Protein chains: 2
Amino acid sequence: MQKKTSLKDIAEAVNVSTALVSYVLNNKEKQARVNLQTAEEIKRVAKKMSYRPNQVAKSLKSGKSLAIGLIVADISNPFFGYLARTIEEESKKKGYTVIFGSSDESMKKSQELIETLINRQIDGFIIAPAEETEKQLTYLKKANIPFVLIDRYFKDSALSYVVINNFKATYQATQKLLEKGKKRIAFVCYKNKLQHTKERYRGYIEALKDHGSADINELICEVEFNNPSYFKKEFGQLLKTGSKVDAVLFSTNALSIMGLKQIMETGIRVPEDLALFCFDQSESYDLFYCPISYVHQPLEEIGQKAVQMLIDRMSNHQSAYQQLVLDPELIIKRSSGT
Amino acid sequence: MQKKTSLKDIAEAVNVSTALVSYVLNNKEKQARVNLQTAEEIKRVAKKMSYRPNQVAKSLKSGKSLAIGLIVADISNPFFGYLARTIEEESKKKGYTVIFGSSDESMKKSQELIETLINRQIDGFIIAPAEETEKQLTYLKKANIPFVLIDRYFKDSALSYVVINNFKATYQATQKLLEKGKKRIAFVCYKNKLQHTKERYRGYIEALKDHGSADINELICEVEFNNPSYFKKEFGQLLKTGSKVDAVLFSTNALSIMGLKQIMETGIRVPEDLALFCFDQSESYDLFYCPISYVHQPLEEIGQKAVQMLIDRMSNHQSAYQQLVLDPELIIKRSSGT
DNA sequence: AAACTAAGCTTAATCGTTTAAACTGCCAAA
DNA sequence: TTTGGCAGTTTAAACGATTAAGCTTAGTTT
């Protein structure tokens, strides 16, 4: 049971005050005019005693924890996993550590997470906000805790976020399907009020309108989050309308995977019987018998920019809010029609 | 810019000492014999000023951070993502927060992560150790920092870990393939010295031996980690030996996915031309045209047990090391032969 | 009346680090 | 001889919380 070495231990060993040790180990020997010999000796002893600064004490003193809180819907979803990875790497580069939590799209869990992370004196947040969490963000603002939203956002210019142009994504995807002669394009999305969901919905609708498409009522399949059996029923219904639907556009990666799985099971031929356009990249697509067309999000860039924006805001509370809207990329393969 | 409320602020507002406030807010009013009225008043004011305890200060005082460090190879790999999720949930239940990092199978990154997390006064670690990190674990032991290994482990009885019986997993999988009449079963694995890799290898070999199978030299495909083109070449080679190989057993989830992808591309028919047995569950499997047989690991149980064991060791440094070896489950589908 | 008890509170040290301010010699300039 | 300056160091407060020990005041025992 060997105790950790503290500044005090070194100070006693070298027979100087802790102040001197602190100055030396923080490379402030110059401005503190520490004698070269003393400095060397302190460094030597610190190394010998394998001193590691106590970040908790540092944080208490400085008020900065050098930690970033990351809140996503579900870290086991590769989409968020990949984002987490890039955020972790970029943070490390800048000297920050990441503490994460999954909100499970629940406002309550999100609230709890934010509270525990605030208690831990997190310096800032990167959040993929769940539904109905606007008040939580308002609270963060009041408490003067910087944060940057990713993936999802709210209509508010006094907010920083990094997202893709969701409208453009589904507009162009729909357009592609129309170009391939698809007449009855279904849209599969979640029932929620998040801005990015609405935008994706709008992109689909507008594309249809602009190309003079008719009634779409039975072509929209809205499902509940985290409810596979509900999805199965609703999507099954959509497929059963049979010849009517000739293409499907999925609006998230989880929906894409679930949809592909069900299509696999029912034996519908892609793209002959049904054209498909998925959302987000996934290694799973490569295992589907037909190469999948999808909307590609620049995840690395999202993660990196989010960290950069956050650190910018953390180091300078006066700095302006930034809204970064990146362009999605359409990857066209055989599934969207030949 | 409203400052955070501290005990002192409340104490001043109520006109008592910080000690009293601390007692009350920690529900020690009884043992500190605090007057009921005073206590109520303190609680009222604390609520009004929306007091949140400073976990950093608490940690410094108590020496406990109530934080767990999680080190995995890559959080964007759904296998680890899912583990992270269960670990996060179980930790939260017990009042702990998770700080994570990806080692990328690099001993250097692993070292860095461990150091920063120690500096942050983490109470304990859950680690999926990378190759050549034994010294790091020895160091943790010396420093008396509890940890539990998951997924991988080292031969050492003075170590706590939660793993599956890797030998059994590949032994049984190989056996299944043999039962289906497969004669030339290939094995795809990583080149590394980790115990779990060796065990999986041994399971395969022993199963072949026990069933009187001959020479397997060209049937083993060892690839480098994080080197897709190398995999492509080596695995392509294996497939090209053509009629010779009639089954493939993959030894990790990443290898399974990469393999399936390549099989998809080359147009080999599963299971007619080639039987397959994969490792670990994955939603991707459901998109493959042929239902996949695989080794299922009880990830929830691994995560939960790891957290429980760690907390056990953290609260009682005297407690014994525990080695938990769980049984894998074989999920048999059409890909392993009919 | 002295001694004690209990209730209700405060004091002060402590965790490990930082840092402005003060102190101590010593040497040089006036 | 006084003053000043500088190198090299220490002191001490502070960050926010915890908690053992001490201090009042009043009431109770003997």
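Everything quoted here is computed from the prediction, not taken from an experiment. Numbered from 1 within each chain, the chains take letters A, B, ... in sequence-line order. Computed from heavy atoms alone, side chains included, the values below leave out hydrogens, waters and symmetry copies.
In this structure, B/N26 atom CG and D/dA17 atom P are separated by 10 Å, rounded to whole Å. Atom NZ in A/K30 sits about 15 Å away from atom C1' in D/dG8, given to the nearest Å. The interatomic distance linking B/K8 (NZ) with D/dA14 (P) rounds to 7 Å, in whole Å. Distance A/N35 CG to D/dG8 P: 5 Å, rounded to the nearest Å. In this entry the distance linking CD of B/E29 with P of D/dT18 reads 14 Å, nearest Å. In this entry the distance linking CZ of A/R33 with P of D/dG8 reads 8 Å, nearest Å. As a whole-Å value, the separation of A/L36 CG from D/dA7 P is 14 Å. For the pair B/L66 CG and D/dT18 P, the computed distance is 12 Å after rounding to whole Å.
Annotation: cation-pi geometry satisfied between B/R313 and B/Y321 (NZ/CZ under 6.0 angstrom from ring centroid, within 45° of ring axis).
Listed for the B/Q323 side chain is a donor-acceptor partner under 3.5 Å among the backbone atoms of B/S157. Under a 3.5 Å cut-off, the side chain of A/S65 and the backbone N or O of A/Q121 do form a donor-acceptor pair.
Comment: B/R85 engages A/D104 in a salt bridge, judged by a side-chain N to carboxylate O separation of less than 4.0 angstrom. Look at A/D156 and A/K141 and you find a salt bridge, because one of the NZ, NE, NH1 or NH2 atoms lies within 4.0 Å of a carboxylate O, short of that distance.
Residue-level contact check: B/S17 touches the bases, meaning some heavy atom is under 4.0 Å from a base atom. Among the protein residues, A/S22 comes within range of the nucleic acid bases, having at least one heavy atom under 4.0 Å from a base atom.
The shortest side-chain heavy-atom distance between A/R52 and A/T5 does not fall under the 4.5 Å cut-off. At a threshold of 4.5 Å between non-hydrogen side-chain atoms, the residues B/I71 and B/I126 do not count as touching.
In the region residues 40-65 of chain A, proximity to DNA chain C at under 4.0 angstrom, judged on heavy atoms, holds for A/Y51, A/P53, A/N54, A/A57, A/K58, A/K61.
Relative orientation of the B/Y153 and B/Y161 rings is tilted, given thresholds of 30° and 60° on the angle between their planes.
Interface limits on DNA chain C: the 5'-most and 3'-most nucleotides within less than 4.0 Å of chain A heavy atoms are C/dG16 to C/dA20.
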Validation: residues 8-16 of chain A side-chain donor-acceptor distances under 3.5 Å, sequence neighbours left out:
unit_1: A/D9; atom_1: OD2; unit_2: A/S6; atom_2: N; d: 2.8
unit_1: A/D9; atom_1: OD2; unit_2: A/S6; atom_2: OG; d: 3.4

